[in-house]
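Please read the structure below before turning to the comments.
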Amino acid sequence: PPTRNAATAAFGSFVHTLAPDQRLRYGFRVERAQVKSSAWSHVGLAVDPAADAASFTPLSFALAWARDLDTSWTSTLSLTRTERAPNQQELFADGPHIGTDAYEVGDRTLGKEQGFGLEWELAKVRGPVSGSFSVYYNRFSSFITLQGNGLGPDLTTSGGDDHSGLGRYDFVAVPADFFGSEVKVNFQFVDTVASKRGLEWYGDFVRASQRDTSEALPRISPGRIGAALHGLASGWSWRLDATYHLAQNHTAPDETRTA
């Protein structure tokens with residue numbers, strides 16, 4: 001259906017020095033999100049969907065403790081609490097999605113997506129060789145995702161289209177766990193005010209599952225590894241990336257693996 005979306009937000013970030021080699025970083029974001037759906041004609045349904053509206057006030061915060069291990073290495077431990085308002089598709093969708101070849105159905109009763117996150121990072125921030133390594137865990141009490149629910153409806157008997165050839169997927173909120181890691185190493189060959197050239201290697205992966213069933217969540221990106229040449233010359237910065245995406249074998253029901 002036609003929808004109108006409005007969002008306003010305020011945020012702040014702060015740094016507090018605990019000791020010469022320790023810092024406390026913290027921040028917040030508060031948002032007011034409103035989604036309005038117009039009444040619309042859904043050919044084939046006995047009763048057309050009525051106009052509706054939903055409003056949310058997501059509140060997120062982050063707290064991080066950073067400690068310098070020496071002049072080059074820093075360790076950071078972060079705790080986050082995040083909330084996200086459902087979007088118009090997750091709330092009001094009811095029809096075939098051409099891009100995903102699925103019949104998607106929203107849920108007008110969905111609440112905010114909510115979760116906690118914990119991350120540890122070790123970073124080398126100075127020298128011709130720099131980089132970082134991090135691991136994280138996100139625990140969602142309500143993660144909004146798609147869940148299979150049979151086949152799409154056949155509305156031909158009431159003047160609509162036949163969608164029974166498409167799988168039906170409903171937007172639902174489920175408890176979920178995310179585990180992941182990221183690594184980056186940069187070799188800086190030239191580092192002057194006027195000219196810079198370097199080579200960066202990077203990689204990341206994430207594993208996401210429903211906590212109550214241990215099933216994989218759908219549409220989760222596979223791990224990747226890559227390299228990038230980057231530089232600065234005559235005031236222009238440039239970057240050339242090459243990325244290899246690994247196979248995704250941790251797939252949700254009815255999903256196919258990627259290679």
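These numbers come from the heavy atoms of this one structure, side chains and all, not from hydrogens, waters or symmetry mates.
Residues Leu217 and Phe116 are members of separate hydrophobic clusters, defined by side-chain heavy-atom contacts under 4.5 angstrom among Ile, Leu, Val, Met, Phe, Trp and Tyr.
Residues Thr243 and Asp241 have side chains that never bring a donor and an acceptor to within less than 3.5 angstrom of each other. Inspection of the Ser214 and Gln210 side chains reveals no N or O donor paired with an N or O acceptor under 3.5 Å. Between the side chains of Ser134 and Trp120, no donor-acceptor pair of N or O atoms lies under 3.5 Å. Using modelled atom types, one finds a donor on one side chain and an acceptor on the other under 3.5 Å when comparing Ser209 with His250. With hydrogens and angles left out, the side-chain atoms of Asn149 and Tyr169 include no donor and acceptor closer than 3.5 Å. A donor-acceptor contact under 3.5 angstrom links the side chains of Thr57 and Arg32, judged on distance only.
Side chains of Pro153 and Tyr103 form a contact here, defined as non-hydrogen atoms less than 4.5 Å apart. Counting only heavy atoms from C-beta outward, the side chains of Glu119 and Val135 never approach each other to under 4.5 Å. Put simply, the side chain of Arg168 does not reach to within 4.5 Å of the side chain of Glu104, judged on heavy atoms. A 4.5 Å side-chain heavy-atom check between Glu113 and Phe140 finds at least one atom pair inside the cut-off. Residues Leu118 and Tyr136 are not in side-chain contact: their nearest non-hydrogen atoms beyond the backbone lie 4.5 Å or more apart.
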| message | Between Gln188 and Asn186, does the side chain to side chain donor-acceptor pair (under 3.5 Å) criterion hold? Intermediate values first, please. | response | CA-CA 6 Å; Gln188 199 67 33; Asn186 184 69; 2.9 Å; yes
| Check against side-chain contact (heavy atoms from CB on, under 4.5 Å), Ile220 and Gln248 | CA-CA 8 Å; Ile220 299 299; Gln248 177 60 282; 4.1 Å; yes
| query | Which is it for Arg29 and Glu83 under the salt bridge (charged side-chain N to carboxylate O under 4.0 Å, His left out) test, yes or no, and what are the steps along the way? | reply | CA-CA 10 Å; Arg29 175 185 171 90; Glu83 293 186 338; over 6 Å; no
| request: Please assess Ser37 against Asp52 for the test side chain to side chain donor-acceptor pair (under 3.5 Å), listing each intermediate value before the final yes or no. | output: CA-CA 5 Å; Ser37 168; Asp52 202 353; over 6 Å; no
| request: For the pair Val185 and Lys124, evaluate side-chain contact (heavy atoms from CB on, under 4.5 Å) and give the outcome as yes or no after the intermediate values. | output: CA-CA 9 Å; Val185 179; Lys124 187 175 185 295; over 6 Å; no
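Across every non-hydrogen atom of Ala62 and Thr80, the tightest pair is CB-CG2, 3.8 Å. Taking each heavy atom of Leu91 and Phe56 in turn, the nearest pair found is CD1-CE1, 4.2 Å.
A salt bridge is defined here as a Lys NZ or Arg NE, NH1 or NH2 lying under 4.0 Å from an Asp or Glu carboxylate O, and Glu255 with Arg219 fails to meet this definition. Ion pairing between a basic and an acidic side chain is recognised when a charged N comes within 4.0 Å of a carboxylate O; Arg84 and Glu90 show such pairing.
A cation-pi arrangement, defined by a distance under 6.0 Å to the six-membered ring centre and an angle within 45 degrees of its axis, is absent between Arg207 and Phe179.
Taken from CG in Leu18 to CZ in Arg23, the straight-line distance is 9.5 Å, to the nearest 0.5 Å.
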